[in-house]
Amino acid sequence: MSTNDNQLPSNFIRQIIADDLSNNKNNGKVVTRFPPEPNGYLHIGHAKSICLNFGIAIENNGACHLRFDDTNPEKESIEYMESIKRDVQWLGFKWNELCHASDYFEPLYRYALQLIEQGQAYVDSLSAEQIRAYRGTLTEPGKASPDRNRSVVENLDLFKRMRAGEFADGQYVLRAKIDMASPNINMRDPAIYRIRRVHHQRTGNDWCIYPMYDYTHCISDAIEGITHSLCTLEFEDHRPLYDWVLDQLHTPCHPQQIEFARLQLEYTIVSKRKLNQLVTEKYVNGWDDPRMPTIAGLRRAGFTPKALRDFCERIGLTKQNSWIEMGVLEYCIREDLNENAWRAMAVLQPLRVVISNYPEGQVESLEISNHPQRHELGKRQVPFSKVILIEQDDFAQIPPPKYKRLIVGGEVRLRGSYVIRCDEVIKDADGNIIELQCSYDPETLGKNPEGRKVKGVIHWVSEQQSYPAEVRLYHRLFNVPQPDNEENFLDALNPDSLEVLTDCRVEASLAKANVENRYQFERTGYFCLDAVDSSDGKLVFNRTVTLREGWVKD
RNA sequence: UGGGUCGUCGCCAAGCGGUAAGGCACGGGGUUUUGAUCUCCGCAUACCAAGGUUCGAAUCCUUGCGACCCAGCCA
C-alpha cells in the first residue's frame with residue numbers, strides 16, 4: 001500500500017527519508033527494522049517504534065524486518081520471542097524477514113578477527129572493575145590498559161582461544177581500540193565480546209563468547225541492508241561508535257542511525273525491568289493483566305489494534321522528551337469503539353424494580369438497535385417484564401443538583417422501553433433500599449408521553465431474563481503522573497486499581513458474547529469478554545474505558 | 001567551557017526568513033430515548049530569555065537560562 005505522503009503529518013524522520021529518496025540515496029530503497037531484545041513483553045512504547053518502523057516501510061514501498069536482538073542469553077527466552085511475534089501481528093503488521101542477531105554470530109566473529117588484524121581490537125585481561133577504573137570519568141580522560149598494545153598475533157591467538165572455551169567467564173574481553181581520552185565515553189575502547197557460558201535459546205552451546213550490542217547492532221543492520229536504523233534518544237551517544245565499527249569494516253552498506261524520543265505515558269511505566277517486577281512480585285496478574293501497559297495487557301483490556309496505531313500517529317515523533325496524557329489514549333480507543341462496538345445493557349450494581357401495573361408473568365420482547373447511528377448493524381430482542389433491575393446510582397432519595405435520573409414521584413425513561421414513575425421505596429430493617437415500586441405508562445413505548453417531558457434515560461435488564469456476570473473495572477495502576485520519578489515506584493501503586501463487581505446482570509443477548517467482540521454497556525463504558533477467565537458457564541467482562549463523563553455527581 | 005540532545009498554548013505538535021496549522025484537554029451553545037455520539041463557537045499579538053542581522057525573525061547570529069541522556073563484560 002503506498003500512501004500519499006502529503007496527507008500524513010510531517011515529522012523529522014519522514015523528512016529525512018523524503019530527502020534521501022529525492023537524492024536517490026540507497027537506490028531509492030527504504031528498509032527498516034524493529035529490533036527488540038526478547039527479554040520481556042512488548043509495551044505501548046514498543047508500539048510507537050513498531051508503528052514507526054513498519055509504517056515508514058509501508059509508506060515507501062520498502063521493507064521492515066523483525067529482528068530479535070538476542071545477544072544476551074541470560075535474560076532472553078523463546079516465550080518472549082513468541083509473545084513479541086504475536087503482538088506485532090496483532091497490531092496489524094507483517095515483517096518481510098524474521099531475523100536474529102544470533103543468525104550473524106559467525107560473520108560477527110569473522111569481522112572481529114578482521115578488526116584484530118587491522119590492529120583495531122585487542123584482548124584485555126583487566127577485570128570489569130579495573131576496566132571501569134581505567135575508563136576515567138565524565139570530566140577526566142581514561143588511561144590505557146596494560147594490554148592495549150598487545151600484538152596482533154597474540155590478540156588473534158587469545159581471541160580464538162576465547163571462542164574455543166579455554167578461558168573462564170570474565171577472564172578476558174575483546175575491546176575495540178579507539179580513544180581512551182574521547183569526551184564520548186562510549187568511544188573509550190568499548191568491550192565488544194565477553195566470555196559467558198550460558199545456553200543460548202537458539203545457538204545452544206555453540207558459543208561461549210557473545211558480542212555486545214554496540215558491535216552487533218550496526219553490523220546486523222548492514223548485513224540486512226537496513227537503510228534507516230531508527231532507535232531511541234539514549235543511543236545518540238552511541239552513533240559515533242555505530243559509525244566507527246562500520247567504517248573500519250568496509251561493510252557493503254552503511255545504514256543511517258536516527259534517534260527519536262521514546263514514549264512516556266502519564267500514570268504508567270514502560271521500563272521493562274519495572275514491568276517485570278510488577279509481574280514477578282505479583283502486584284498484577286501477569287504480563288497480560290489489563291492494567292499493564294503491555295500490548296498483551298491492552299489487548300486483554302479490550303483495546304483495538306486500530307486505536308493503538310491511531311494513538312502512535314497522533315502523539316507525533318520528535319526528539320523532545322515529552323509526557324503524553326492518558327486522555328489521548330482514551331480518546332483513541334473511545335473513537336474506535338464508539339463507531340464499532342455493539343450497544344448492550346448491563347446493570348453493574350442492581351436495584352430491584354417492581355412495576356406494579358405490569359401484568360404478572362408477562363414477558364415482552366423489545367426490539368432495540370445495536371447501534372444508535374449505524375442502523376446497518378441491526379437490532380436485537382431484549383426481554384421486558386414486571387421485575388427489572390436498574391443501577392443503584394440511577395435512583396436517589398435525595399437527588400444532587402441537576403440529577404435527572406429516578407426519584408420518588410419522578411419519571412424516567414427506560415432505554416428502549418417505557419417511561420416509569422417511582423411510587424414507593426421499600427427498605428429493609430436496617431433502612432437499606434431493597435426495592436422500588438414503580439408504575440409504567442403503556443403509551444410510552446417508542447413515543448414520548450403526552451403533555452410532559454421526561455429528561456432522564458436509564459438502562460435496565462429484566463430480572464428473570466438476564467444473566468449473572470462478573471465485571472472488572474480497572475483504574476489507573478499508579479496514583480502519580482510520573483511514577484518513574486518516584487524514589488520507589490511501588491509506593492505510587494494505586495491499591496484500588498482493580499475493582500471486581502460480582503453481582504452484575506447482563507441482558508440476554510450478552511450470553512452469547514465472544515472474545516472478539518467489543519460492547520458498549522450503555523451509559524457505563526466499553527467492555528469486552530475476558531479472554532482468560534470467561535468460560536461457557538461464566539461471563540467475565542473487562543472495562544476497556546469509561547464513556548466520556550459530561551456530568552459527575554459529587 | 002567533559003560530551004551529546006532538546007526548549008512553540010494545560011498536554012502533544014506543525015512551522016525550515018514573509019507576519020503562529022492541527023489534535024487532545026478545557027469552557028460555552030444546539031441536536032439526542034446513552035449526562036455518550038454528533039454539531040457549532042471560544043481557547044498563544046505569541047514561539048525559554050536578552051541582544052543583534054533584516055523592509056520583515058519562532059525561523060539566521062551571539063550570549064545566557066532551563067531540561068534530558070552518557071562512566072554495564074545490559075540493550
Side-chain angles (χ1 to χ4, degrees), chain A residues 9-11 15 35-37 39 69-72 74-76 101 124 126-129 131-133 135-142 169-175 182-188 190-196 209-210 212-214 216-217 231-240 259 261 266 272-273 313-332 334-335 338-339 343 345 368 371-373 402-405 412-417 419 444 446-448 454-459 520-525 546-553:
Chain A
S10 168
N11 64 50
Q15 285 184 20
E37 181 188 13
N39 67 344
D69 221 334
D70 55 348
T71 58
N72 186 9
E74 282 167 293
K75 300 195 294 180
E76 300 157 5
D124 200 344
L126 252 29
S127 69
E129 298 69 44
I131 286 180
R132 191 186 319 129
R135 186 155 33 227
T137 68
L138 294 179
T139 52
E140 300 158 326
D169 287 13
Q171 189 174 156
Y172 287 109
V173 74
L174 183 69
R175 290 230 256 171
S182 173
N184 180 346
I185 295 197
N186 296 121
M187 301 299 272
R188 319 239 263 232
I192 58 175
Y193 265 95
R194 75 284 219 185
I195 305 173
R196 195 113 311 166
I209 57 172
Y210 291 99
M212 306 277 294
Y213 167 85
D214 284 306
T216 307
H217 205 90
C231 63
T232 44
L233 247 29
E234 65 270 28
F235 292 104
E236 273 177 325
D237 286 345
H238 296 240
R239 184 167 8 106
E259 310 85 11
E266 287 191 343
K272 265 195 201 171
R273 198 204 97 232
E313 189 61 65
R314 272 169 192 276
I315 57 177
L317 187 76
T318 67
K319 298 183 72 131
Q320 298 178 44
N321 278 122
S322 59
W323 286 87
I324 307 297
E325 292 177 342
M326 263 303 175
V328 182
L329 215 210
E330 291 176 349
Y331 177 86
C332 293
R334 285 189 186 119
E335 185 181 52
N338 174 56
E339 188 183 338
R343 310 290 125 123
M345 291 194 285
I368 302 181
H371 191 108
Q373 280 83 227
K402 300 214 180 132
Y403 192 74
K404 55 185 220 192
R405 283 113 98 150
V412 78
R413 157 78 63 185
L414 294 176
R415 169 117 249 231
S417 178
V419 168
T444 54
K447 48 185 185 244
N448 287 128
V454 176
K455 265 191 139 180
V457 179
I458 64 173
H459 57 280
Q520 184 195 97
F521 290 176
E522 286 197 283
R523 301 208 312 128
T524 97
T546 61
L547 255 30
R548 206 163 148 266
E549 286 283 1
W551 178 89
V552 187
K553 77 177 156 87

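Lettering of chains follows the sequences in order, A, B, ..., and the numbering in each one begins at 1.
- Using bins of under 30°, 30° to 60° and over 60° for the plane-to-plane angle, the ring pair Phe235(A)/His238(A) lands in the perpendicular bin.
- Inter-residue side-chain proximity for Asn39(A) and Asn72(A) is flagged as unmet; no heavy-atom pair is nearer than 4.5 Å.
- Using a 4.0 Å cut-off, no side-chain N or O of Arg188(A) falls inside it from OP1 or OP2 of rG2(B).
- Of all nucleotides present, only rU63(B) satisfies the Watson-Crick or G-U wobble test against rA49(B), with each distance under 3.5 Å.
- Between Ile368(A) and Arg343(A) the shortest side-chain heavy-atom distance does not fall below 4.5 Å.
- A donor-acceptor contact under 3.5 Å is formed by the side chain of Asp237(A) with the base of rG3(B).
- The partner of rU54(B), taking Watson-Crick or G-U wobble pairs whose two distances both stay under 3.5 Å, does not exist in any strand shown.
- For Ser10(A), a side-chain nitrogen or oxygen approaches OP1 or OP2 of rG15(B) to under 4.0 Å.
- Applying the 3.5 Å distance criterion, the base of rG35(B) shares a donor-acceptor pair with the side chain of Arg405(A).
- Within the 4.0 Å cut-off from OP1 or OP2 of rG3(B), not a single side-chain nitrogen or oxygen of Ser182(A) is found.
- Side-chain N/O atoms of Thr318(A) include one lying less than 4.0 angstrom from OP1 or OP2 on rA13(B).
- In this structure, Met187(A) places its CE atom 12 Å from C1' of rG3(B), rounding to the nearest Å.
- Here His371(A) pairs with nothing under the ring pair (Phe, Tyr, Trp, His ring centres under 6.0 Å) rule; sequence neighbours left out.
- For the pair Tyr213(A) and Lys402(A), nearest-nucleotide mapping onto RNA chain B gives the more 5' position to Lys402(A).
- For His238(A) and rG3(B), the NE2 to P distance is 18 Å, given to the nearest whole Å.
- Listed pair Arg413(A) / rU34(B) fails the phosphate criterion, with no side-chain N or O lying under 4.0 Å from OP1 or OP2.
- Rounded to an integer number of Å, the gap from Trp323(A) CH2 to rA13(B) P is 14 Å.
- In this structure, Asn321(A) atom CG and rG4(B) atom P are separated by 18 Å, rounded to whole Å.
- In terms of phosphate contacts, Arg334(A) brings no side-chain nitrogen or oxygen within less than 4.0 Å of OP1 or OP2 of rA36(B).
- An OP1 or OP2 oxygen of rG7(B) is reached within less than 4.0 angstrom by a side-chain nitrogen or oxygen of Gln320(A).
- One interatomic measurement links the two molecules: CD of Glu335(A) to P of rU39(B), which rounds to 11 Å at whole-angstrom precision.
- Using Watson-Crick or G-U wobble geometry with both donor-acceptor distances under 3.5 Å, rU34(B) finds no partner in any strand shown.
- Within the 3.5 Å criterion, the main-chain N or O of Glu234(A) finds no donor-acceptor partner in the side chain of Thr232(A).
- Listed pair Arg196(A) / rC74(B) meets the phosphate criterion, a side-chain N or O lying under 4.0 Å from OP1 or OP2.
- In summary, Lys319(A) and Glu236(A) engage in a salt bridge, as defined by a charged side-chain N under 4.0 Å from a carboxylate O.
- Between the side chain of Glu236(A) and the base of rC70(B) there is no donor-acceptor pair of N/O atoms closer than 3.5 Å.
- Across the strands present, rG2(B) finds its partner in rC70(B); the criterion is a Watson-Crick or G-U wobble pair with both atom distances under 3.5 angstrom.
- Comparing the same atom, P, in rC47(B) and in rU8(B) gives a spacing of 12 Å after rounding to whole Å.
- To the nearest angstrom, C1' of rC38(B) lies 9 Å from CG of Asn338(A).
- The pairing partner recorded for rC26(B) is rG42(B), the criterion being a Watson-Crick or G-U wobble arrangement whose two distances lie under 3.5 angstrom.
- For the pair Arg314(A) CZ and rG22(B) P, the computed distance is 14 Å after rounding to whole Å.
- In this structure, Tyr331(A) atom OH and rU37(B) atom P are separated by 9 Å, rounded to whole Å.
- The base of rU34(B) sits within donor-acceptor range of the side chain of Arg343(A), with an N or O pair under 3.5 Å.
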